[in-house]
There are 2 protein chains.
Amino acid sequence: MKPVTMRQVAQQAGVDVSVVSRLLNEDPRLSISPATRDRVLQAITDLDYRPNLAARALRTNHGGMIAFVVPDFTSSVYAHVISGAHQRAQEIGYAVVVDALDPDLARTARRYRARGIDGALLAGATLPDRDVVSLEDLSIPMVLLNRRVPGLTRTACVDYAAASRLAIDHLADLGHRDVMVLSSPRNADFTERLKAFRSRARSRRVTTSTATAGGISAQAGYDTGRRILGGDGLGEVTAVFCPTLMLAVGFLAAAHATGVRVPDELSVIAMHDAEIASFTTPALTTVALPMAELGALAIDHLRALVDQRHPGPTVVDVAPRLEVRGSTAPPRT
Amino acid sequence: MKPVTMRQVAQQAGVDVSVVSRLLNEDPRLSISPATRDRVLQAITDLDYRPNLAARALRTNHGGMIAFVVPDFTSSVYAHVISGAHQRAQEIGYAVVVDALDPDLARTARRYRARGIDGALLAGATLPDRDVVSLEDLSIPMVLLNRRVPGLTRTACVDYAAASRLAIDHLADLGHRDVMVLSSPRNADFTERLKAFRSRARSRRVTTSTATAGGISAQAGYDTGRRILGGDGLGEVTAVFCPTLMLAVGFLAAAHATGVRVPDELSVIAMHDAEIASFTTPALTTVALPMAELGALAIDHLRALVDQRHPGPTVVDVAPRLEVRGSTAPPRT
DNA sequence: CTGAAAGCGCTAACAG
DNA sequence: CTGTTAGCGCTTTCAG
């Protein structure tokens with residue numbers, strides 16, 4: 001009934017617990033005879049022994065857990081990130097705790113410390129810059145996801161520059177010269193991708209204008225769409241870039257509602273890809289980003305910090321991919 | 001730098017650690033003078049003391065964590081459940097670990113036990129019945145989500161009977177007499193809602209037929225839609241019931257692709273609601289279910305088990321709600 | 001009403 | 001190459 005302890009393993013193998021412990025932790029300066037080693041290993045499997053992590057944590061201040069912190073569980077943006085993170089964490093023996101974002105990071109870090117959580121991945125799109133720059137002196141390491149802040153190395157990002165290149169090049173190649181981008185002041189992680197987008201636009205001699213949306217939801221996209229398409233405001237604009245998938249879904253619905261035909265009158269392209277993009281009408285052209293890899297690499301980054309190493313900023317090395325579907329076409333002449 | 005220990009608190013307050021401990025744990029047979037009590041409480045806040053949960057776990061075999069186990073992180077079905085579960089867990093001082101489903105529940109339970117995870121919530125739609133019935137004799141308690149198995153009390157479900165009543169009544173009131181339901185053999189949790197749906201249909205004298213889909217994804221819905229709508233197979237059917245939202249999204253796209261007009265020629269209604277339902281064309285009529293409450297009540301159920309109590313099956317008491325949108329209308333005469 | 005003391009299962013420094 | 005030992009921070013029984 002009660003779980004097997006290391007003591008029992010040692011007894012069964014006829015050695016001391018310290019031998020078992022050092023074998024399990026691969027202590028480099030342990031030289032063990034193959035015979036006893038085998039006996040210990042045998043005992044471990046025979047008894048189906050599992051180390052008690054609470055005891056280990058008590059001893060080492062090292063609980064073998066990382067936290068994944070999100071501002072909102074219901075926004076599915078991070079599903080793929082967490083999936084990749086979980087898988088990698090599992091491989092290196094860490095468990096993943098999910099938690100809601102508390103703006104007081106110092107307090108959060110202390111809470112985690114007391115729980116045996118060794119580090120945290122932060123989906124901190126809504127945090128003010130000033131809270132984020134002081135990530136270095138928290139009581140546990142934290143890595144910021146998909147957002148860059150000057151002077152901060154504790155970040156892991158996908159390659160928004162490459163993604164923006166893909167999006168702009170696609171539009172420019174189709175002949176678009178005037179693109180509107182949706183923005184959201186509340187989402188600090190947009191700055192990254194919008195900056196990259198605008199910069200690439202300049203080099204392709206594409207003019208960009210900006211419309212402000214009230215968030216990242218489909219509703220925000222819809223409202224913005226109604227506002228823009230409802231008036232006479234489109235002007236020379238022949239394409240719209242949405243920095244988020246749901247924003248594009250809402251925008252598309254607004255286009256439908258106002259009778260603006262996509263892609264005949266207006267092209268729409270979104271950053272990020274998910275199943276839903278294939279099932280809107282028209283299906284959405286998107287730039288697919290390697291979010292699972294982001295999660296995995298963020299775990300590696302965090303683990304390095306936990307092990308007292310000092311990695312530079314992580315940028316995911318898997319290339320973004322353009323998914324051309326029905327929402328983009330050459331502009332009407 | 002190092003976290004404050006109970007020792008320091010005791011020292012500061014001029015008492016023994018055991019007093020602090022018993023105060024913190026609200027030991028019933030501790031009578032403490034208000035004066036010392038206050039001194040201790042003061043010391044705790046002054047030093048910003050936080051109990052070391054690893055130490056407590058070691059002592060009590062009780063880590064203050066629960067696991068939320070899903071077959072797949074990227075399917076967003078459980079976002080609201082986990083949100084409600086997390087909130088409730090937080091309120092009672094539990095942390096939530098997320099994990100991927102491993103069909104070997106006994107092994108999982110032992111792994112969790114070694115980690116200080118006190119119990120688990122199981123999104124076990126894909127588990128065979130035989131694995132699920134023996135939930136009672138695992139080394140930690142587990143509660144099955146949204147699925148009922150005869151003889152098993154460790155479940156927490158929303159009220160699919162009420163939800164089905166809502167769906168059928170809506171269709172029947174509109175005048176539909178012949179409804180097709182989408183099913184999926186791989187998803188054992190469908191049986192519950194489909195049974196409820198068919199039973200209510202009988203009492204409203206609505207005929208039901210069944211089409212088998214290959215899963216719960218939009219792609220599955222699309223493929224099924226193409227198969228059904230592409231042929232000459234609709235017959236007398238004037239409405240389709242989808243037991244999952246994404247299935248309906250895909251089905252709608254198939255209707256569009258095959259030129260079947262929704263809701264003029266065919267009504268579509270889905271179980272479960274999410275933002276996307278408002279932004280399809282036409283917008284989807286759905287039955288919204290209280291998934292966050294399900295999460296919260298599942299936590300309560302699990303906590304009762306952890307505390308050695310024996311609750312009966314949990315059924316969420318918040319009523320489902322019909323969200324009438326554009327995808328349902330009276331049948332064409 | 002409060003203190004002393006043992007020990008949960010494990011790690012790591014040191015001794016043999 | 002292996003054993004001894006001293007705790008990590010907390011809970012809990014038993015004495016005062």
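This one's a predicted model, so the numbers in the text were calculated from it and none came from an experiment. Here is the naming used below: chain letters follow the sequence lines, and residue numbers restart at 1 for every chain.
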Pairing donors with acceptors under 3.5 angstrom, does anything connect the side chains of B:Asp38 and B:Gln42?
no
**Prompt:** Got a donor-acceptor pair under 3.5 Å from the side chain of A:Arg59 to the base of D:dG7?
**Reply:** yes
Regarding the side chain of A:Ser33, the nearest nucleotide among C:dG9, D:dC1, C:dG3 is D:dC1
Q. With distance as the sole test, does B:Asn146 use its side chain to make a donor-acceptor pair with the main-chain N or O of B:Ala123 at under 3.5 Å?
A. no
Under a 4.0 Å heavy-atom cutoff, the residues of residues 17-24 of chain B touching DNA chain D are B:Ser18, B:Ser21, B:Arg22
*asked:* Counting the atoms with a prime plus P, OP1 and OP2 as sugar-phosphate, which does B:Ile32 contact under 4.0 Å by heavy atoms, base, sugar-phosphate, or nothing?
replied: sugar-phosphate
Rounded to whole Å, CD of B:Gln8 lies from C1' of D:dC8 at a distance of 14 Å
Inset, instruction - Looking at every strand, decide which applies to B:Asn25 at a 4.0 Å heavy-atom threshold: base, sugar-phosphate, or nothing. - result: sugar-phosphate
Whole-Å distance, B:Leu58 CG to C:dA6 P, equals 17 Å
Is it the case that over 12 heavy atoms from other parts of the model lie below 6.0 angstrom from the CD atom of A:Gln8? yes
Quiz item: Heavy-atom distance under 4.5 Å between the side chains of A:Arg50 and B:Arg113, does that happen here?
Solution: no
Note: A:Ala10 and A:Val17 closest approach over all heavy atoms is CB-N, 3.6 Å
Here the distance between atom P of C:dG9 and atom NE2 of B:His62, to the nearest Å, is 15 Å
